[in-house]
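Every chain is numbered from 1, with letters handed out A, B, ... down the list of sequences. Being a predicted model, the structure only gives us computed values, none of them experimental.
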Number of protein chains: 2
Amino acid sequence: MPRTQVLAIQVATGDSRPLSKQIVDAVRMKIATGELESGGKLPSVRGLAQQLGINPNTVAKAYAELGSEGWVESRQGLGLFVAPPRQRLSDDERERRLDDAIRHFVHEVVALDYPPQQALQRLDEALRVLIRKTA
Amino acid sequence: MPRTQVLAIQVATGDSRPLSKQIVDAVRMKIATGELESGGKLPSVRGLAQQLGINPNTVAKAYAELGSEGWVESRQGLGLFVAPPRQRLSDDERERRLDDAIRHFVHEVVALDYPPQQALQRLDEALRVLIRKTA
DNA sequence: AAAGTGTACTATGTATCGTAGTACACCATA
DNA sequence: TATGGTGTACTACGATACATAGTACACTTT
C-alpha cells in the first residue's frame, strides 16, 4: 500500500486566487515537477482541510477538479492517488487556453508598462523549473 | 479641439474577461501601441455603450479604472482624453503584479502540460507588438 | 435654452466562492 | 460484525463581483 505523502502546501485568503484554485495549482505543480510521484497517495479531504484550516468542501472541490483533469484518481474508500501521465486535453483546447494565457500576460505587461524584454527574461527563469521534467 | 477617435473595439459576453476589463485592456493596448495618441479624445460613455450594445454604466466603470490608472484624463463637460505618459505605479507594485502574472502563466503552462520552450516562444512573438513603442 | 459630457447614486438579477451541515457507499481493521 | 476513515453528493447561507436599469447633478458647448 502506498504511503501518504505529506504535501507541504500553504494557502492564504489574501491571495488573489480562490482557495480551491491555490490547492489545484500547488498539487499540479508538485506532480509536474516530480515531487509527487505517480501512484503516490494524497492527504485525505478532511485531513488536508484541517491542516490548512479551511473547510473540507473546499478541498473536495479542488480534488474534484484535479480528478476531472486526470491528474489524480480515486479508489473507492481508499483515497486519492496520483494518476499515471497521459494526454489530458485536445490540441485545440490546449492552443485556445494558451492563447488566453498569453493574452492575459501581454495585457498585464501593458498595464504595468513593464519592459517586454525584461518580462520575457523573468518568465524564462520561472519556466526553468519545468524544463527538467518536461524535456 | 481634438477630434474624437473612432476606437475600433469589440466586446463579447463569451469572453472569459468581464466586459469592463475587455474595454480597459483594449484601450490600454491602443494607447501603448500608439494607435491612440496623447491628447486624443475618447468616445463618450453613452456613445461607446451604444456602439458596443452594452450598458453605459459598464463603459463608465471601465473609463473610471483607466482614469484611476492615469491612462486618461477627464475635462469637465468635455469628455475623456488620453493622458500624457507618466509613471503610474510604484516599483514595488509593478514587481508584485508581474510576479502574479508570471505565476499565473506558469501554472497555466503546467495545467496544459505545454512545452515550456514553445510557450516562451509564442509569448515572445506576442510581445513583439510592444517593443517598437516601449523601446 | 438645449444637448452632450463625466460622474455618482440606488436597485435588481445572476454567478462564483467559501463555509456549514448532513448523508451515503465503499474499504480496512480491530 | 462493528467501527472508523475514505471520496462524493447534496442543501443552505452569506459575501462578493458583474452587468443591467433608472435617475440625478454639475459642467461645457452650441
- Checking all strands, does Ser20(B) fall into the base, sugar-phosphate, or nothing category for heavy-atom contacts under 4.0 angstrom? sugar-phosphate

- Item | Rounded distance in Å - CG (Leu48(A)) to P (dT8(D)) | 14 Å

- Message: On DNA chain C, does the nearest nucleotide to Asn55(A) precede the nearest nucleotide to Leu78(A) from the 5' side, or the other way round? Give the residue.
- Response: Asn55(A)

- May I ask you to decide whether Asp100(B) forms a salt bridge with Arg97(B), counting only side-chain N to carboxylate O separations under 4.0 Å? no

- Item | Atom pair distance, as rounded to whole Å: CZ in Arg75(B) and C1' in dT5(C) | 13 Å

- Task: Would you indicate, yes or no, if dT6(D) has its OP1 or OP2 atom less than 4.0 angstrom from a side-chain nitrogen or oxygen of Ser44(A)?
- Result: yes

- Message: Counting the atoms with a prime plus P, OP1 and OP2 as sugar-phosphate, which does Thr58(A) contact under 4.0 Å by heavy atoms, base, sugar-phosphate, or nothing?
- Response: base

- Message: Assess the residue pair Arg86(B) and Asp113(A) against the criterion (salt bridge (charged side-chain N to carboxylate O under 4.0 Å, His left out)); give the C-alpha distance rounded to whole Å, side-chain angles, the decisive distance to 0.1 Å, and a yes or no.
- Response: CA-CA 10 Å; Arg86(B) 68 169 101 152; Asp113(A) 201 11; over 6 Å; no

- Starting at atom CZ of Arg17(B), determine the distance to atom C1' of dA19(D), rounded to an integer number of angstrom. 16 Å

- With respect to the side chain of Ser74(B), which nucleotide from dT7(C), dG18(C), dT8(D) is positioned closest? dT7(C)

- Ignoring hydrogens and angles, answer whether the base of dG7(D) and the side-chain atoms of Arg46(A) contain a donor-acceptor pair closer than 3.5 Å. yes

- Task: Please figure out whether Asn57(B) or Lys61(B) has its closest DNA chain D nucleotide nearer the 5' end.
- Result: Lys61(B)

- Query: Roughly how far, to the nearest 0.5 Å, is the CG atom of Leu80(A) from the NZ atom of Lys41(A)?
  - Reply: 8.0 Å

- Query: Taking atom P of dC26(C) as reference, at what distance in whole Å does atom CG of Leu80(A) sit?
  - Reply: 18 Å

- Message: Without decimals, in angstroms, what is the distance between Gln50(B) CD and dT5(C) P?
- Response: 11 Å

- dC17(C) P sits how many Å from Ile23(A) CD1, rounded? 13 Å

- Query: Does the distance from a Lys or Arg side-chain N to an Asp or Glu carboxylate O, for Arg28(A) and Asp25(A), drop under 4.0 Å?
  - Reply: yes

- Item | Spacing between Glu65(A) atom CD and dA9(D) atom C1', to the nearest angstrom | 17 Å

- Using atom CD of Gln76(B) as one end and atom C1' of dT7(C) as the other, report the distance to the nearest whole Å. 8 Å

- Query: Is a side-chain donor or acceptor of Glu108(A) paired with a backbone partner of Leu98(B) at a separation under 3.5 angstrom?
  - Reply: no

